Amino acid sequence: MQAQPERTESFSADDLVNRKVHRRAVEAVIWGMPIVNLDLMFQAMLKVGGKENQIVYWSNFLDWKNQTLTPNPNTIYLMPFINMKDVGSMVVEIPPAEGGRITGTITDAWQVALEDVGPAGADKGKGGKYLILPPGYSEKVPDGYIVLPSATYLVSGLFRSNAGSGSAADIAKAVDYGKQIKLYPLSSAANPPQTSFVDALGIEFDSTIPYDIRFFESLDRFVQRESWLERDKAMIDQLKSVGIEQGKPFKPSDETRKILEQAAIEARDWLDVQYEALFTPYYQGYQWALPVAPDVIEGLANSFAKPGVYPIDDRGALFSFAFSSVKKLGSGQFYLVTIRDKTGQPFDGGDTYRLTVPANVPVQFYWSATVYDRVTHALIRDQKWSSRASTTQDLQVNADGTVDLFFGPKAPVGKECNWVPTGGRDFEIMMRFYGPEKPLFDKTWVLPDIEKVN
């Protein structure tokens with residue numbers, strides 16, 4: 001018989017309990033990231049004066065006071081926050097792409113894509129009525145709707161109204177077009193009430209991830225509101241271990257609270273390591289990447305239907321730096337991200353960098369480059385702007401069609417219109433391509449790396 005290894009350390013019963021709480025709390029953060037991410041936006045909506053089943057929008061391009069994760073400051077955002085618990089099925093009407101264009105997606109509370117909308121979505125630019133059904137819906141579905149069954153009562157949408165040239169007139173036009181979206185209960189479809197819009201421009205809207213007790217408070221709100229999905233029932237006892245259980249208040253002791261906050265910090269650090277590990281180069285030998293695992297892209301499009309695959313770790317990493325998802329990535333928009341310069345060094349907020357965007361960017365609509373705080377993944381606070389785009393007024397274009405963009409604490413002389421301030425903070429950069437075309441995907445058009453210039 002093989003000898004048993006000697007016990008080199010013993011744990012008291014209390015030690016074992018506390019170690020279990022810590023372990024399971026770390027896993028709860030990773031597993032629960034997408035739902036906490038959305039709940040935090042829901043809570044931010046309430047703080048700016050919004051209510052359930054209304055649409056929060058920004059009546060101009062976003063500034064730093066929008067502290068959501070990696071938002072787009074070069075479009076008009078409209079975000080419906082839907083709760084079907086009491087009102088039942090809800091209808092979202094998207095207008096035809098005449099005089100404007102919506103790009104966006106409707107998602108459940110797990111940020112699983114129910115459907116894309118607008119020209120790149122199910123209505124193909126003709127406009128349409130999207131009927132969102134609550135969990136367990138069994139009644140006959142009326143004709144004339146694009147039907148979206150949801151696994152959760154809480155549903156959200158991320159809609160972008162394109163602002164054309166970015167001029168004041170085009171921004172105003174995009175706002176007016178976006179406000180043609182309608183939201184109402186199916187029960188009121190015969191005589192829909194007027195849709196309520198809440199303007200959040202100039203108000204701090206903070207949904208950055210808090211790696212402390214607030215994360216678990218948010219997770220508890222979700223557990224109390226929604227039913228358990230079959231795929232997640234293994235987490236029921238896991239969450240009980242940290243004090244989260246349906247029908248019971250979340251009231252951790254001082255000792256447990258301390259353990260949970262330590263676990264949240266550990267989870268944050270692990271998620272950041274996982275985030276960096278996702279940077280598989282999009283172009284061989286370059287720093288640009290789409291830091292989303294293929295299994296997550298597929299799972300968010302089909303509600304993780306693939307047998308034997310449930311990429312919780314990579315999903316947690318994604319929603320630690322972004323929000324929402326898409327049903328068909330690349331049809332309406334595409335993204336590339338970098339956290340390092342050409343030499344492989346992380347961006348330093350005290351240095352200045354240059355990106356030369358090649359001519360003939362393969363997009364139907366526009367491209368943009370946005371700077372985010374490397375720690376929070378939100379827009380860097382207290383900056384005059386956070387991005388430059390092909391639609392930026394007075395953007396300097398070189399004679400050969402290329403565009404030099406600069407990132408750093410101060411604008412190079414004569415280059416302020418092509419400069420994005422970093423505020424001295426370490427940062428990351430996201431390139432967006434709206435209406436992406438074939439050369440981006442077959443990689444015959446290549447985005448070069450960013451170079452340090454000082």
Side-chain angles (χ1 to χ4, degrees), residues 54-62 71-82 90-107 113-132 143-148 155-184 186 189 192 194-197 199 301 324-335 361-368 387 389-393 432-441:
Q54 294 182 344
I55 297 177
V56 173
Y57 77 107
W58 282 259
S59 58
N60 205 328
F61 288 167
L62 307 181
N72 181 358
N74 298 102
T75 191
I76 297 301
Y77 266 12
L78 302 103
M79 298 176 63
F81 289 92
I82 298 167
M90 292 289 292
V91 178
V92 177
E93 282 193 34
I94 300 296
E98 300 168 359
R101 184 177 61 255
I102 297 293
T103 302
T105 306
I106 299 170
T107 67
L114 302 183
E115 189 55 86
D116 300 329
V117 305
D123 63 87
K124 305 298 183 184
K126 298 177 181 179
K129 298 179 180 181
Y130 292 79
L131 175 58
I132 308 167
D143 295 332
Y145 293 93
I146 299 166
V147 180
L148 309 180
V155 168
S156 183
L158 175 59
F159 303 147
R160 312 163 189 87
S161 183
N162 181 58
S165 71
S167 67
D170 279 354
I171 290 172
K173 183 179 177 181
V175 171
D176 290 342
Y177 176 76
K179 292 181 75 173
Q180 293 180 41
I181 296 170
K182 297 178 182 179
L183 174 65
Y184 53 86
L186 177 63
Q194 186 173 356
T195 302
S196 294
F197 291 87
D199 190 357
S324 194
S325 63
V326 293
K327 193 80 170 176
K328 299 177 182 68
L329 181 63
S331 57
Q333 65 274 348
F334 193 72
Y335 310 90
V361 181
V363 293
Q364 298 177 43
F365 307 125
Y366 72 95
W367 58 262
S368 67
S387 71
S390 55
T391 55
T392 296
Q393 300 291 291
R432 288 180 168 86
F433 304 89
Y434 277 87
E437 296 178 319
K438 184 180 178 182
L440 181 62
F441 300 114

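Computed from a predicted model, the values in this text were never measured in an experiment. FYI, side chains are in, hydrogens and waters are out, and symmetry mates aren't considered; it's all heavy atoms of this structure.
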CD/Gln333 to CZ/Arg432 distance, rounded to the nearest 0.5 angstrom?
9.5 Å

May I have the step-by-step check of side-chain contact (heavy atoms from CB on, under 4.5 Å) for Leu131 and Ile146, ending in yes or no?
CA-CA 6 Å; Leu131 175 58; Ile146 299 166; over 6 Å; no

How would you list, by chain and number, every residue that makes a salt bridge (Lys or Arg N to Asp or Glu O under 4.0 Å) with Glu115, sequence neighbours excluded?
Lys328

Nearest 0.5 Å, please: how far is CZ in Phe197 from CD in Gln54?
10.0 Å

Under 3.5 Å donor-acceptor, Thr107 side chain and Ser324 backbone:
no

Which value, rounded to the nearest 0.5 Å, describes the distance between Ile181 atom CD1 and Ile102 atom CD1?
4.0 Å

Applied to residues 155-184, the salt bridge (charged side-chain N to carboxylate O under 4.0 Å, His left out) test, sequence neighbours excluded, yields none

Rounded to the nearest 0.5 Å, what separates atom OG1 in Thr392 from atom CZ in Phe61?
8.0 Å

Are any side-chain N or O atoms of Ser387 and backbone N or O atoms of Ser368, one a donor and one an acceptor, separated by less than 3.5 Å?
no

Nearest 0.5 Å please: distance from the CG atom of Leu183 over to the CD1 atom of Ile82.
5.0 Å

Could you check whether any side-chain N or O of Lys327 sits under 3.5 Å from a backbone N or O of Ala301, counting only pairs where one atom can act as donor and the other as acceptor?
yes

If we count only N and O atoms by modelled type, under 3.5 Å, do the side chains of Gln194 and Tyr184 hold a donor and an acceptor together?
no

Who pairs with Phe334 by ring-ring contact (aromatic ring centres under 6.0 Å, His included), at least two apart in sequence or on another chain?
Tyr282, Phe441

Indicate whether any N or O donor in one side chain lies under 3.5 Å from an N or O acceptor in the other, for Asp123 and Tyr130.
yes

Polar side-chain atom of Thr105 near backbone of Ala113 as donor-acceptor pair, under 3.5 Å
no

Check whether any side-chain N or O of Glu93 sits under 3.5 Å from a backbone N or O of Gln180 as a donor-acceptor pair, and report yes or no.
no

Nearest-0.5 Å distance that lies between atom CG in Asn74 and atom CG in Asn162
10.5 Å

Sidechain-backbone polar pair: Tyr77 side chain, Asn72 backbone, donor-acceptor under 3.5 Å:
yes

Can you tell me if Asp199 uses its side chain to pair, donor with acceptor, with the backbone of Ser59 under 3.5 Å?
yes

